[in-house]
Structure formats: C-alpha cells, structure tokens
Engineer: 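Here it is, the structure in full.
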Amino acid sequence: MRDVVEQLQRLGMSGYEAKAYVTLVVAGQPINGYEVAKRSGVPRSTVYETLGKLVAKGAAYELRGPEEAVGYLPLPPRSLLERMRREFDDSIESLQASLPTIVAPPGAHIIHNLKGTEAVLARAEDVVAAARTDLFLSIWPDEMKQLSPLVSRAVERGVEVSVVHFGPAEAPIGYLYEHRFPVPDSVANNLGCSLLVVVGDGKEVLIGGFVNGSAWGVYTEDPAVVLMSVEYIKHDIALQIIADRMGHDSLHKFWSNDPDLMRLRAAHGHPAALLRAVGMPDL
C-alpha cells in the first residue's frame with residue numbers, strides 16, 4: 001500500500017490525500033471521515049479538509065444519509081488514472097506550445113558534470129527519450145540493459161537509431177554494429193574506462209565513463225562537442241564495417257604493425273588518466 005501512496009503523490013496528490021483515497025478504495029463501501037482517519041493515519045483534525053480536497057478534484061464523492069450523516073466513496077481507480085492521464089497529456093501539450101516562447105536567447109553552452117552511475121544513466125535516458133529524428137549510441141552491455149527499453153521505443157516512434165555495441169547484443173535494436181575490432185577489452189584498457197556516448201537529434205550529448213563500480217559524466221548541447229561525438233561514433237561504425245568487409249585477420253595485421261596507427265593508439269593513455277583523475281577522484 002505504501003508504494004501506491006508514493007505513486008499517487010508523484011502524480012500530484014498530497015500525502016494525506018493519497019492515504020485517504022487508498023483507504024476509501026480498500027474499504028469497498030462508503031465510510032465517514034472518522035473511519036478514514038482511523039484507518040489511514042490522516043489526523044482527525046485534517047481528515048475532513050483532506051476529503052474535501054479529494055471531492056473537489058473529483059477523486060471522491062460525498063454520500064449524505066439520514067440525519068446528515070456523510071460518507072465518502074472513491075472515484076474508481078481506473079477512472080481516476082484515465083482522468084490523470086488526460087490531464088497530464090493536456091498539460092504536456094500546453095507546455096510544448098508555451099515553454100519555447102519564454103526560453104532565453106542562447107548564451108554560452110554549459111557543460112553539466114555528473115557523478116555516479118545513477119545520475120549518468122538517468123541523464124542518458126533523458127537524451128534517448130527526447131530524441132525525435134536520430135540517435136547515435138556507443139555503449140557497453142551493462143548500460144544497454146538499462147537503456148534498451150527506451151531505445152526500442154525510440155525505434156518504434158520512427159527515430160533512426162545507430163548503435164556501436166561493445167560485445168554481443170542480447171537483441172539488435174535499430175542499426176546495431178557489434179564492436180569487434182579492436183576487441184572490447186583492448187578498448188577499455190586503452191581508454192581506462194568503459195565509455196558511454198549518447199547523442200540525440202544532433203543537439204545534445206551525454207558522455208560517461210564507468211570503471212570499478214564508479215561513474216562520471218558530462219552533458220552538453222555545445223554544437224562542437226555534439227558534432228565530434230557523432231563523428232566519433234560514425235567512425236567507429238565505419239571501422240566495424242571495414243573490418244567485416246576486409247576480414248578481421250587482414251585488418252588486425254595492418255592495425256598491429258602500422259607505425260602511425262601504433263602511435264595513435266599509444267596516445268590515448270594520457271587523456272584517460274586525466275579523465276580518471278578529474279572525473280573520478282575517488283578511484
């Protein structure tokens with residue numbers, strides 16, 4: 001029951017309103033304010049005010065019996081949820097029209113720093129959920145498990161999704177390319193972390209790093225960072241396609257022995273060390 005109360009609070013009810021409504025639903029028959037207070041834990045001093053607010057919202061009804069006795073019945077849960085859904089959708093549509101009109105002119109593009117796995121993945125979910133035209137992701141299996149439901153929904157609503165997935169994927173989503181060249185372990189060792197990059201609609205990007213149970217991340221709408229992130233993922237996709245076309249053995253021989261490529265790979269160590277020092281000081 002506590003979970004139901006918390007969910008109702010998230011949808012706009014106060015704690016007392018949610019407790020009183022749930023009590024009415026559980027009762028299954030009209031009960032008076034005294035009974036509501038007794039069963040719900042809502043103070044007797046405020047229970048009638050709380051019930052009055054539910055009635056005003058249409059979430060409950062008054063039933064007057066003999067000698068002005070007043071009982072209360074809840075709006076059936078299915079009807080309440082449908083009403084809340086309609087009101088929520090109406091509010092979203094109204095805000096979609098009104099909010100853009102009050103946005104300040106763009107100034108300097110701010111980079112938001114994030115710390116911790118939950119914060120990084122929550123911001124990544126925001127980027128995926130907001131996408132309407134295209135998504136680019138460079139992602140590892142652990143992060144894909146959390147983001148895949150939202151990525152699947154993006155595909156369903158017509159978003160073109162391009163994914164570089166480090167290792168085998170449980171289920172292909174959109175245009176998914178398994179990162180097999182170089183092997184994922186080699187990439188992680190080279191960078192010093194598992195890197196997550198999520199770019200939405202060519203307008204915003206989340207970049208995060210995961211290592212040893214910790215995570216750091218940055219979010220920005222800076223066009224230069226967004227462009228570089230898209231190109232980074234495109235080049236990684238291109239490399240996987242080339243490896244498949246040329247044959248992994250041939251490309252591996254070239255990749256392992258060409259001096260220019262060896263120099264470029266060796267140069268990753270310093271940036272990776274800086275990221276660990278700046279973004280993850282506890283490691």
Engineer: Any sub-3.5 Å donor-acceptor pair from R123's side-chain atoms to H112's backbone N or O?
Structural biologist: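 It does not hold such a pair.
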Engineer: Would you mind checking if R86 and D89 are paired as a salt bridge, meaning a charged N to carboxylate O distance below 4.0 Å?
Structural biologist: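 R86 and D89: not salt-bridged.
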Engineer: To the nearest 0.5 Å, what is the distance between CZ (R2) and NZ (K19)?
Structural biologist: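 Reported value, rounded in 0.5 Å steps: 9.0 Å.
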Engineer: Does L24 share a hydrophobic cluster with V26, counting links as ILVMFWY side-chain heavy atoms below 4.5 Å and allowing steps through other members?
Structural biologist: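 Hydrophobic grouping puts L24 with V26.
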Engineer: Salt-bridge test for R10 and E6: reply yes if a basic N is under 4.0 Å from a carboxylate O, no otherwise.
Structural biologist: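 No, this pair does not count.
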Engineer: Mind checking whether V36 and L63 sit in one hydrophobic cluster, side chains of I, L, V, M, F, W, Y counted as touching below 4.5 Å?
Structural biologist: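 No, separate clusters.
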Engineer: So, taking the atom named CD in E143 and the one named OG in S138, what distance separates them when rounded to the nearest 0.5 Å?
Structural biologist: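 OG of S138 is found 10.5 Å from CD of E143.
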Engineer: Could you measure the distance from the CD1 atom of I242 to the CG atom of D244? Nearest 0.5 Å is fine.
Structural biologist: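 Here the interatomic distance stands at 10.5 Å.
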Engineer: Between atom OG of S40 and atom CD of E35, what is the distance when rounded to the nearest 0.5 Å?
Structural biologist: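 S40 OG to E35 CD: 10.5 Å, rounded to 0.5 Å.
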Engineer: Is there a path of hydrophobic side-chain contacts, each under 4.5 Å between heavy atoms of I/L/V/M/F/W/Y residues, joining V230 to I233?
Structural biologist: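 In one cluster with I233: V230, yes.
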Engineer: Just do the side-chain contact (heavy atoms from CB on, under 4.5 Å) check on V205 and V197 with the steps written out, would you?
Structural biologist: CA-CA 7 Å; V205 59; V197 183; 4.1 Å; yes
Engineer: Check for a donor-acceptor pair, side chain of S152 on one end and backbone N or O of S148 on the other, with a separation under 3.5 Å.
Structural biologist: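 Pair found, side chain donor or acceptor close to backbone of S148.
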Engineer: I want to check something: taking the side chain as every heavy atom from C-beta on, are L80 and M84 in contact at a cut-off of under 4.5 Å?
Structural biologist: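 Touching, per the 4.5 Å side-chain cut-off.
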Engineer: Grouping I, L, V, M, F, W and Y whenever their side-chain heavy atoms are under 4.5 Å apart, do V198 and L227 come out in a common cluster?
Structural biologist: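 V198 and L227: separate clusters.
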Engineer: State, to 0.1 Å, how close L206 and Y219 come at their nearest heavy-atom pair, and which atoms those are.
Structural biologist: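 Shortest heavy-atom separation between L206 and Y219 comes out as CD2-CB, 4.3 Å.
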Engineer: When you look at CD of E62, are more than 12 heavy atoms from neighbouring residues, nucleotides or ligands closer to it than 6.0 Å?
Structural biologist: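 Yes, the 6.0 Å shell around CD holds more than 12 heavy atoms from other groups.
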Engineer: With hydrophobic residues grouped by side-chain heavy-atom distances under 4.5 Å, do Y34 and V25 end up in a single group?
Structural biologist: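 Y34 does not cluster with V25.
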Engineer: Do V151 and V161 make a side-chain contact, defined as non-hydrogen atoms from C-beta onward lying under 4.5 Å apart?
Structural biologist: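 Yes, their side chains come closer than 4.5 Å.
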Engineer: Nearest heavy-atom pair of H165 and G167: which atoms, and what distance?
Structural biologist: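 Where H165 meets G167 most closely, the heavy atoms are ND1-O, 2.7 Å.
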Engineer: Hey, mind stepping through D134 and S162 against side-chain contact (heavy atoms from CB on, under 4.5 Å) and telling me if it holds?
Structural biologist: CA-CA 8 Å; D134 57 79; S162 302; over 6 Å; no
Engineer: Over all heavy atoms of both residues, which pair between A131 and D201 is shortest? Give the atoms and the distance, please.
Structural biologist: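 A131 and D201 have their closest heavy atoms at CA-OD2, 3.5 Å.
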Engineer: Can you give me the closest heavy-atom contact between A124 and L147, atom names plus distance?
Structural biologist: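 Scanning both residues, the minimum pair turns out to be CB-CD1, 4.1 Å.
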Engineer: Using ring pair (Phe, Tyr, Trp, His ring centres under 6.0 Å) as the criterion, list what pairs up with Y16, not counting sequence neighbours.
Structural biologist: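 Ring pair (Phe, Tyr, Trp, His ring centres under 6.0 Å) check on Y16 returns nothing, list empty.
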Engineer: Could you go through the side-chain contact (heavy atoms from CB on, under 4.5 Å) check for M144 and I173 one step at a time?
Structural biologist: CA-CA 10 Å; M144 192 61 172; I173 301 176; 3.8 Å; yes
Engineer: May I ask you to check whether over 12 heavy atoms, not counting those of I92, lie within 6.0 Å of atom CD1?
Structural biologist: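 More than 12 heavy atoms, drawn from other residues, nucleotides or ligands, come within 6.0 Å of this atom.
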Engineer: Who are the ring pair (Phe, Tyr, Trp, His ring centres under 6.0 Å) partners of Y177, not counting sequence neighbours?
Structural biologist: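 Y177 satisfies ring pair (Phe, Tyr, Trp, His ring centres under 6.0 Å) with no other residue.
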Engineer: Roughly how far apart are L114 CG and I207 CD1, rounded to 0.5 Å?
Structural biologist: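 Answer for the CG-CD1 pair, L114 versus I207, is 11.0 Å.
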Engineer: Between E231 and M228, does the side-chain contact (heavy atoms from CB on, under 4.5 Å) criterion hold? Intermediate values first, please.
Structural biologist: CA-CA 5 Å; E231 292 303 310; M228 287 190 294; 5.7 Å; no
Engineer: Taking C-beta and beyond as the side chain, do E17 and K57 meet within less than 4.5 Å on heavy atoms?
Structural biologist: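 Counting from C-beta outward, E17 and K57 do come under 4.5 Å.
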Engineer: Is the backbone of L75 close enough, under 3.5 Å, to the side chain of S79 for a donor and an acceptor to pair up by distance?
Structural biologist: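 The answer is no, because no donor-acceptor pair under 3.5 Å joins these two groups.
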Engineer: With a 4.5 Å cut-off on side-chain heavy atoms, are T23 and I31 touching?
Structural biologist: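 Contact flag for I31/T23 side chains = yes.
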Engineer: What is the minimum heavy-atom distance between P184 and W140, and which atoms define it?
Structural biologist: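 Heavy atoms of P184 and W140 come nearest at O-CH2, 3.2 Å.
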Engineer: Quick check for you: to the nearest 0.5 Å, what is the distance between D142 atom CG and I139 atom CD1?
Structural biologist: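 So the CG of D142 and the CD1 of I139 are separated by 10.0 Å.
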Engineer: Considering all heavy atoms of both residues, which atom of V128 and which atom of R157 are nearest to each other, and what is their separation?
Structural biologist: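 Nearest heavy atoms, V128 then R157: O-NH2, 2.9 Å.
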Engineer: Give a yes or no on whether the backbone of F181 and the side-chain of Q240 come within a donor-acceptor separation of less than 3.5 Å.
Structural biologist: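 Looks like yes, one N/O pair under 3.5 Å.
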Engineer: Would you check if L8 and V22 make a side-chain contact, meaning some heavy-atom pair closer than 4.5 Å?
Structural biologist: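 They are in contact (side-chain heavy atoms under 4.5 Å apart), so the answer is yes.
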Engineer: Is a side-chain N or O of S186 found less than 3.5 angstrom from the main chain of P182, in a donor-acceptor match?
Structural biologist: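 No.
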Engineer: Atom CZ of residue position R44 - does it have more than 12 heavy atoms of other residues, nucleotides or ligands inside 6.0 Å?
Structural biologist: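 Count not over threshold, so no.
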Engineer: Quick one: does L137's side chain get under 4.5 Å of V164's, heavy atoms only?
Structural biologist: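 A side-chain contact is absent here, since even the closest heavy-atom pair is not under 4.5 Å.
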Engineer: Indicate yes or no for a side-chain donor-acceptor contact from D258 to the backbone of F254 under 3.5 Å, with no hydrogens or angles considered.
Structural biologist: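 Between the backbone of F254 and the side chain of D258 there is no qualifying donor-acceptor contact (under 3.5 Å).
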Engineer: Before accepting this row, confirm whether a basic side-chain N of the pair E49/K53 lies closer than 4.0 Å to the acidic partner's carboxylate O.
Structural biologist: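 Answer for the salt bridge query: yes.
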Engineer: Should Q29 and L73 count as side-chain neighbours, where that means a heavy-atom distance under 4.5 Å?
Structural biologist: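 Sidechains of L73 and Q29: no contact.
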Engineer: Indicate yes or no: at least one non-hydrogen side-chain atom of F210 is less than 4.5 angstrom from one of L196.
Structural biologist: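 When only atoms from C-beta onward are counted, L196 and F210 do touch, with a gap below 4.5 Å.
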